[in-house]
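Take a look at the structure set out below.
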Amino acid sequence: MPGKNLTHEEARARAEVVATHNYRIALDLTKSAQQFTSITEIDFSATEGANTFLDLLAHSVEAVELNGTTLDTSAYDGARFPLANLQAENTVRIEATMDYSHTGEGLHRYTDPQDDEVYLYSQFEVADARRVFANFEQPDLKARFTFTVDAPANWQVFSNAPVKNVEEMGDIKRWFFEETMPISTYITAIVAGPYEGVEGEPYVSRDGREIPLGVYTRKSLVQYLDPDEILDITRHGFKFYEDNYDLPYPFRKYDQVFCPEFNAGAMENAGLVTIAERYVFKDRPDAYIIERRTVTILHELAHMWFGDLVTMKWWDDLWLNESFAEYMSYLVTAAIERWSGAWKTFYTAGKVWAFSADTLSSTHPICADIRDLQDVLVNFDGITYSKGGSVLKQLSAWVGQDKFLSAVNTYLRTYQWSNATLDDLLRELEKSSGRDLGLWKELWLKEAGVNTFTPEIRSDEQGRITGVDILQQCDDHASLRPHHIKVALYKRDDDGVLRIYHSQECDIEGERTELAGLAGLPVPDFFSANEDDYAYAKLRFDARSRESVLPELDYRYTSGVDYSQASHCLHDHNLLPAIENPLTSTQIIFTAWDMCRDGELPASYYCALALEALTEEDDGSFLRALIGTIRTAVNLYSALEWREQLRLHMAKHIFALFDKTVPGSDKQLQLAGLAMSLAVTDEQFERLENWLDGKDIPEGYAFDSAQRWLALNALAVAGRISISDIKAEYEKDKTSYGQERAARAQAALPDADMREAVWQEIIGHGVSNARHQSLCLGMSDATAEAVLPYAQRYFDQAEEQWDTHSVAIASNMLTLAFPIQLAGRTDLGVDIVALGDQWLESHRDTAPACVRLVSEAVDTARRACRAQACDAASSSH
């Protein structure tokens, strides 16, 4: 990758000889459209006579002084500047010319296609502050930062601290910011441009301070900003965190800026949170994205204490940073009445992601061994966020939530404005709870993998329980772990609803745990082994429970059978029982999905189950997750022999369900997207074409620009439109959103010449991160036949992409442009898994992060092949 790596050993050695105090950073953003000037002065202590180095990724270095002595700029190697023979107290000054970024790393520069206004924002995690100013780029060298910024007079400029004053200099303004509190380099920030928004009523902190709250976005989007709701959510979060952390908000202001072409969901810069612009709703959003925005806002706010006030010493505790914010953000979201069902979203959007990541060959412990920056750059994954958040939820149950939060409060007070480690937190938890967490840490945090629970129920002839065991299995990575769980026993009432008649909490460990207190109770119709979802574990059903929720049906098909006739037996059954606890109902359907992914349940059967769930369910977050599984089951996990018939069947029923759904509902909106993506017949495509022409649009259906692009994308995949149609649509939606959606539709076209042009853009240089990601996504939308020529070419390019592109760009290509559509398509003359295995075998010495991303893509294809085999085998049962 461009720029030198930094190892943990190097960072540890540097921290032993250097202690940073103050940074004074002057940025001139008026230089040109390509570069800006950066002048940095750093005051730091050091071991006398020691040598160290500064981190800097500059276009050029003009001048360097150390303690008043001019140093030779030729010592700069493109990533580091050596500092020799240090004094006890030192000041270094570096003047450099820096490049603007177009990949979302460093200081990103974006030009709005609607009005040609320029917007900048910084993104420094993990180690990209060095793209803006010289520094000691590691989290344990905290300091106070003072920024001065020259910018065009019509711009707003934001940083971590409040504005001290602004000096007008003709068509330029110089912004002076107050000094920050001690923070790490990666959470400093600069945002600049003609941003507009509002400053709401200040939040009155528990220590009496008034905290200014601001919400901003680009001029062309400000009409779509809903600051009142964003600020209301923010105030909920402030109160919740101040009450539960028992600490006032640590910074002096709190701005939230929605930024274009943002790679992540958001970033927790101290006092200046940057958020992806997709959370400004130009078009009608579905219910999931509204809830996800709430969780994101509260996630970043949680970091102000856990992450910014107290910061990890090294990136091996990144998981703790992110997992804690994820757990706390759902805790506060669920406390808001509107999102009281947020733990369902935590399961569908979080745990399902974690289970997927944890069953890849690249799985890693939650507390991973982060050897260097490249390790951490690919570690923002389902394990770091969702498995970690799930395990913290389990830890909170294990020690008790009150004791958990009490320990967190002590931890924050003890280490505020400094750095801490996992062990520091665990010590406080042991003191608070009285539990020894040494073995818990080893089994949960130092080992990868996921355990599986299966209940075993014994009964007598009178239908009474004589004993219940929880059987725990481990995979190749995990040991058997201790869990604190809640179990619930359900009986079907006269209305057919499964209702709880007994529940209890208990600890389990080992291969088999007998549950006390259940003998003599009636045998349940359904036994929930993880009621309220305390545990991080995959679930399987006992025989009676499986019969209640996944009845055996005739789902045998052969290639000679008319699928629509063979499958209607599934559709006519009532597969999903009504169940008292919505979270348990969610677990049932997504346990079925997990079984489908693991090759234990045929995709055809799962589609029937999901279709019924889709019919009965209205929760927006559940629908979003379910729709994603349906697409995968139909397009990737189904047996090739009847995939065409399955898609025909599913598309038919989805369009029919869409037509019957309540006009104007969120469900109508979400079903429209699924229907369009599954469209297969001329009649269905003609409906889409009519909608684009303004004809026969169903009542209540908001066929806005986002929906128009979904229709265009479906028609592009089918080859029913050309690039000229896409360009014509972009002229109607000449926005940043339109740019990205047009690129995705272009990349989905089957035309060979267009595909080659798209491929050259994907593997080339100079494409912005947003366009690049959209092109890669479009390639993932295309048909298997369309991407067939790129199977070998993907592997031919993989190593070069990692070596010559930024992390964001290389990761897009390796992850999103992998031709997953070819999984199992040996009928087309390619075995994508075999090609992947050959590449992995011959690239053992390639950068580990690159190998990991490729191996994950190949694992995904291997899993699809297993699922296809399971579905195909169902015809012989």
Inset, instruction - Just say parallel, tilted or perpendicular for the rings of His299 and His303, cut-offs at 30° and 60°. - result: perpendicular

Inset, instruction - Examine distances only and state if a side-chain atom of Glu268 and a backbone atom of Ile187 form a donor-acceptor pair shorter than 3.5 Å. - result: no

Legend entry - Modelled atom types, side-chain donor and acceptor of Glu105 and Thr103, under 3.5 Å: yes

Legend entry - Side-chain donor or acceptor of Thr363 paired with backbone N/O of Leu360 under 3.5 Å: no

Inset, instruction - Inspect the contact between Glu16 and Arg12 and indicate whether a charged nitrogen and a carboxylate oxygen are less than 4.0 angstrom apart. - result: no

Inset, instruction - Check whether the side chains of Thr30 and Asp28 place a donor and an acceptor atom closer than 3.5 Å, and report yes or no. - result: yes

Legend entry - Heavy-atom neighbours of Lys142 NZ exceed 12 at 6.0 Å: yes

Inset, instruction - Go through the steps for Phe147 and Asn160 under the test side chain to side chain contact (heavy atoms under 4.5 Å, CB included), then give the verdict. - result: CA-CA 9 Å; Phe147 283 94; Asn160 306 94; 4.2 Å; yes

Legend entry - Shortest non-hydrogen contact between Tyr76 and Leu56, atoms and distance: OH-O, 2.8 Å

Legend entry - Minimum heavy-atom distance between Arg371 and Pro848, given as atom pair plus value: NH2-CB, 3.8 Å

Inset, instruction - Give the ring-plane orientation class for Tyr195 versus Phe158, where under 30° counts as parallel, over 60° as perpendicular and anything between as tilted. - result: perpendicular

Inset, instruction - Indicate the ring-plane relationship of Phe177 and Trp175, choosing parallel, tilted or perpendicular according to the 30° and 60° boundaries. - result: parallel

Inset, instruction - Identify the two heavy atoms, one from Phe136 and one from Thr52, that lie closest to each other, and give their separation to 0.1 Å. - result: CE2-CG2, 4.2 Å

Inset, instruction - Dump the intermediate steps for side chain to side chain contact (heavy atoms under 4.5 Å, CB included) on Thr311 and Tyr186, then the final yes or no. - result: CA-CA 11 Å; Thr311 310; Tyr186 80 94; 3.7 Å; yes

Legend entry - Donor-acceptor contact below 3.5 Å, side chain Ser362 vs main chain Arg852: no

Inset, instruction - Start with the C-alpha gap between Leu816 and Ser780, add the side-chain angles, then the distance that decides, and say whether side chain to side chain contact (heavy atoms under 4.5 Å, CB included) holds. - result: CA-CA 6 Å; Leu816 302 177; Ser780 72; 5.6 Å; no

Legend entry - Rounded distance (nearest 0.5 Å) linking atom CG of Leu445 with atom CG of Leu422: 5.5 Å

Inset, instruction - Return yes if a side-chain donor-acceptor contact under 3.5 Å exists between Thr274 and Asn269, otherwise no. - result: yes

Inset, instruction - Determine the interplanar angle of the Tyr249 and Trp305 rings, folded into 0 to 90°, and report it as parallel if under 30°, tilted if 30 to 60°, perpendicular if over 60°. - result: perpendicular

Inset, instruction - Report yes or no: does Ser122 contribute a side-chain atom to a donor-acceptor pair with the main-chain N or O of Ile190 at less than 3.5 Å? - result: yes

Inset, instruction - Would you please classify the geometry between the His805 ring and the His765 ring as parallel, tilted or perpendicular, with 30° and 60° separating the classes? - result: parallel

Inset, instruction - Answer yes if the side chains of Tyr23 and Asn135 hold a donor-acceptor pair under 3.5 Å, and no otherwise. - result: no

Inset, instruction - Over all heavy atoms of both residues, which pair between Ser811 and Trp802 is shortest? Give the atoms and the distance, please. - result: OG-CZ3, 4.1 Å

Inset, instruction - For the pair Asn67 (side chain) and Thr91 (backbone), establish whether a donor and an acceptor sit closer than 3.5 Å, ignoring hydrogens and angles. - result: yes

Inset, instruction - Measure the spacing between CG of Leu6 and CG of Leu373 and express it to the nearest 0.5 Å. - result: 5.0 Å

Inset, instruction - Indicate yes or no: does Asp77 engage Arg80 in a salt bridge with an N to O separation below 4.0 Å. - result: no

Inset, instruction - Examine the side chains of Asp381 and His364 and answer whether a donor and an acceptor come within less than 3.5 Å of each other. - result: yes

Inset, instruction - Spell out, as yes or no, whether a donor-acceptor pair under 3.5 Å connects the side chain of Trp839 to the backbone of Tyr794. - result: no

Legend entry - Side chains of Gln138 and Asp140, donor plus acceptor under 3.5 Å: yes

Inset, instruction - Would you check, one step at a time, whether the test salt bridge (charged side-chain N to carboxylate O under 4.0 Å, His left out) holds for Asp43 with Arg24? - result: CA-CA 9 Å; Asp43 301 330; Arg24 292 173 295 281; 2.7 Å; yes

Inset, instruction - Applying ring pair (Phe, Tyr, Trp, His ring centres under 6.0 Å) between His108 and each of Tyr119, Tyr121, Phe124, Phe36, report the one that passes. - result: Tyr121

Inset, instruction - Report the residue from Tyr245, Phe306, Phe324 that forms a ring pair (Phe, Tyr, Trp, His ring centres under 6.0 Å) with Tyr411. - result: Phe306

Legend entry - Donor-acceptor pair, side chain of Asp316 and main chain of Ala368, under 3.5 angstrom: no

Legend entry - Check: Asp72/Ser74 side-chain N/O donor and acceptor closer than 3.5 Å: yes

Inset, instruction - Can you see which heavy atom on Ala96 is nearest to which on Ala58, and at what distance? - result: CB-CB, 4.1 Å

Inset, instruction - Report the distance from atom CD of Glu799 to atom CG of Asp845, rounding to the nearest 0.5 Å. - result: 9.0 Å

Inset, instruction - Let me know which of Gln35, His59, Gln34, Glu62 forms a side-chain hydrogen bond (donor to acceptor under 3.5 Å, both in side chains) with Thr97. - result: Glu62

Inset, instruction - Keeping the roles fixed (side chain from Gln416, backbone from Arg413), state whether a donor-acceptor pair exists under 3.5 Å. - result: yes

Legend entry - Any donor-acceptor N/O pair, Arg293 side chain to Tyr279 backbone, under 3.5 Å: yes

Legend entry - Presence of salt bridge, Arg93 and Glu41, under 4.0 angstrom: yes

Inset, instruction - Measure the CG-CD1 distance between Leu775 and Ile763 for me, rounded to the nearest 0.5 Å. - result: 12.0 Å

Legend entry - Lys387 side chain to Ala354 backbone, donor-acceptor under 3.5 Å: no

Legend entry - Test log, rule side chain to side chain contact (heavy atoms under 4.5 Å, CB included), inputs Glu89 and Ser45: CA-CA 4 Å; Glu89 298 297 332; Ser45 303; 2.9 Å; yes

Legend entry - salt_bridge(Asp55, Arg14) N-O dist < 4.0 Å: yes

Legend entry - Reported CG-to-NE2 distance for the pair Asn812 and His772, which is rounded to 0.5 angstrom: 5.5 Å

Inset, instruction - Report the distance from atom CG of Leu57 to atom CZ of Phe133, rounding to the nearest 0.5 Å. - result: 12.0 Å

